[in-house]
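Contents: one structure, followed by commentary.
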Protein chains: 2
Amino acid sequence: MSAARAAAAPAPPTARGRIDKRQAILSAAIEVFARDGYERAGVEAIAAEAGVAKPTIYNHLGGKENLYRAAMAEAAARSKTKVLAAVDGFPTTGEDLRAGLRTVARSLVDCHISPQGWALSRLLYTEAARFPEVYDEVQTEGGRQINEALAGRLARLGNAGVLRVPDPVLAARHFMALITGELAARTAMGTRELPEEELAGIIADGVETFLAAFGT
Amino acid sequence: MSAARAAAAPAPPTARGRIDKRQAILSAAIEVFARDGYERAGVEAIAAEAGVAKPTIYNHLGGKENLYRAAMAEAAARSKTKVLAAVDGFPTTGEDLRAGLRTVARSLVDCHISPQGWALSRLLYTEAARFPEVYDEVQTEGGRQINEALAGRLARLGNAGVLRVPDPVLAARHFMALITGELAARTAMGTRELPEEELAGIIADGVETFLAAFGT
DNA sequence: GCCTTCTTGAACTCATGAGTTCAAATTAGC
DNA sequence: GCTAATTTGAACTCATGAGTTCAAGAAGGC
């Protein structure tokens, strides 16, 4: 019986009993939803991916809709942590500003183009009509916080006289737009690989335009 | 019989026989796919919307996948026409450049945020994994052409000395990024209305940053 | 060791939706 | 008008997937 399951699931022959099933289910759900989309994703497939029986999912999370909500909350939390860490690397002084901006931009882009990052964006957009609350939660709890953090760092640089940012929030939005604006189109919303050199070029170009607009 | 169909379909009591069924089917398909997504859209619903019987769809277009491809090609063609017309309004002289840029930006944004525009983007992204050829066709046939047209106009302004655009293609990309970058997030990929004043603000801000970066 | 609690597998039910079939009705071409 | 092609409605088939049920099995607490 265990052997049959192990053959169907990539997961190791899971220990039985109540361990960290819930976490395993959420991780598997994120992966399968990301790969197949909400509609095409099967609860059975998620169960297999998690190395768990189907009723266990219904015990823990009640149903597909609720499972989706919980999985998205988990994914959003993970993503937010990463992005805020990336913003933390923002330069605080004008010393080698161009290089500093490129480094942060690269970190931010890496968050965006990671499989997890794309999965989150794609599902948010795709299911925005069906799950508006999920969209709002991620957007307000996540997106706004990130923008605020970025704006704060830009304001510091403005204060130090190395940038001209009368409206730091706007500058933060345009920074993100210039850096990440083309990623969706270029990678087909994360379904294509982007050559390293192309990525570096996009970032360098974005930083350049940003500096042309907001530098002193 | 005709009365029963008219009750189910919003379409007028269609004349029978081989008229413009195909066009009606494609228009209905665009609408239903846009509203419900590929997976949730039902062929039966499309038939009802088109005021046509289900077998007629299979006669004309063979199946759901093919119907999707044809509908997307139609939608892309319509969209491209509109966008290229918008680019045509681009200023060619430096006279009142700011106002001219805002006007074009507004036209471009209007194409983007129209229900048809969002439908196209959303479906392209959502189904990029399942229909990569559709994505490529629209992206290369449409996106590239639009970017080229925009770059051409920017190059003229550069030549006239009112803009500093060593790389017109790059400038075109950044123009679009600054103008349309936030629209997806703000409108939840077109599922929310955006207040007119907010939209005007986004455009004005985008043009301002663009001029700061590329103006003389 | 024992009892409670959770997990499992397997076989269900039930709804939905793609695609087909076909005789009857309708239309277009002439 | 007459004929050939097309459209229609309605009733199919068939596959898929959500959610449930239940008896048997496996931890974990004591």
Side-chain angles (χ1 to χ4, degrees), chain A residues 1-9 11-29 32-33 35-71 127 130-131, chain B residues 1-9 11-29 32-33 35-71 127 130-131:
Chain A
M1 38 177 143
S2 173
R5 216 162 30 65
T14 323
R16 285 180 136 183
R18 54 163 134 160
I19 325 216
D20 39 14
K21 303 285 182 194
R22 194 192 156 93
Q23 209 54 34
I25 292 169
L26 288 181
S27 293
V32 175
F33 280 133
R35 176 175 12 98
D36 299 339
Y38 179 79
E39 212 62 42
R40 266 191 282 275
V43 174
E44 220 144 1
I46 294 171
E49 180 74 33
V52 143
K54 190 159 59 144
T56 305
I57 291 185
Y58 284 89
N59 284 342
H60 276 286
L61 292 145
K64 195 181 181 182
E65 293 204 351
N66 218 36
L67 172 58
Y68 176 78
R69 275 185 259 267
E127 303 304 326
R130 193 195 254 259
F131 296 99
Chain B
M1 41 179 149
S2 173
R5 218 162 29 66
T14 323
R16 285 178 136 183
R18 53 165 134 156
I19 327 227
D20 40 12
K21 302 286 182 194
R22 193 192 156 93
Q23 208 53 35
I25 292 169
L26 289 181
S27 293
V32 175
F33 279 133
R35 180 181 0 105
D36 299 337
Y38 179 79
E39 211 62 41
R40 268 191 279 277
V43 174
E44 219 143 1
I46 294 171
E49 180 74 32
V52 143
K54 191 158 60 142
T56 306
I57 291 185
Y58 285 89
N59 283 343
H60 276 284
L61 292 144
K64 196 180 179 182
E65 293 205 351
N66 218 37
L67 171 58
Y68 177 78
R69 276 185 256 269
E127 304 304 328
R130 192 194 253 259
F131 296 99

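Quick note on labels: first sequence line is chain A, next is B, and so on, each numbered from 1.
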Atom OH of A:Tyr68 and atom C1' of D:dA18 are separated, to the nearest Å, by 18 Å
Just compare C:dT20, C:dT8, D:dA18 and give me whichever is closest to any side-chain atom of B:Lys54. C:dT20
Side-chain N or O of B:His60 closer than 4.0 Å to phosphate OP1/OP2 of D:dT6: no
Nearest-nucleotide wise, let me know which of A:Glu44 and A:Asn59 is further upstream toward the 5' end of DNA chain C. A:Asn59
In whole Å, I'd like the distance from the CG atom of A:Asn66 to the C1' atom of D:dA18. 14 Å
Should the pair B:Lys64 and B:Phe33 be classed as cation-pi, given the thresholds of under 6.0 Å to the six-membered ring centre and 45° from the axis? no
For A:Glu65 and D:dA18, what is the distance between atoms CD and C1' respectively, to the nearest whole Å? 11 Å
For A:Ala53 and A:Ala47, which heavy atoms make the closest approach, and how far apart are they? C-CB, 4.2 Å
Side chain of A:Tyr58 - closest among C:dA18, D:dT20, C:dT8: D:dT20
Pick out which of B:Ile46, B:Leu61, B:Asp20 makes a side-chain contact (heavy atoms from CB on, under 4.5 Å) with B:Leu26. B:Leu61
Over all heavy atoms of both residues, which pair between B:Arg22 and B:His60 is shortest? Give the atoms and the distance, please. NH1-O, 3.8 Å
Would you indicate, yes or no, if D:dT8 has its OP1 or OP2 atom less than 4.0 angstrom from a side-chain nitrogen or oxygen of B:Lys21? yes
C:dT27 C1' sits how many Å from B:Asp20 CG, rounded? 14 Å
D:dG19, C:dA10, C:dA18: which one has an atom nearest the side-chain heavy atoms of A:Pro55? C:dA10
Atom CD of A:Glu39 and atom C1' of C:dA15: how far apart are they, to the nearest Å? 13 Å
Integer-rounded Å distance: C:dT7 P and A:Arg22 CZ: 12 Å
When we call it a touch if two heavy atoms are under 4.0 Å apart, what does B:Ala41 touch: a base, just sugar-phosphate, or nothing? sugar-phosphate
Does C:dT8 have OP1 or OP2 sitting under 4.0 Å from an N or O in the side chain of A:Thr56? yes
Quick check: closest heavy atoms across B:Ala29 and B:Leu67, and the distance to 0.1 Å? CB-CD1, 3.8 Å
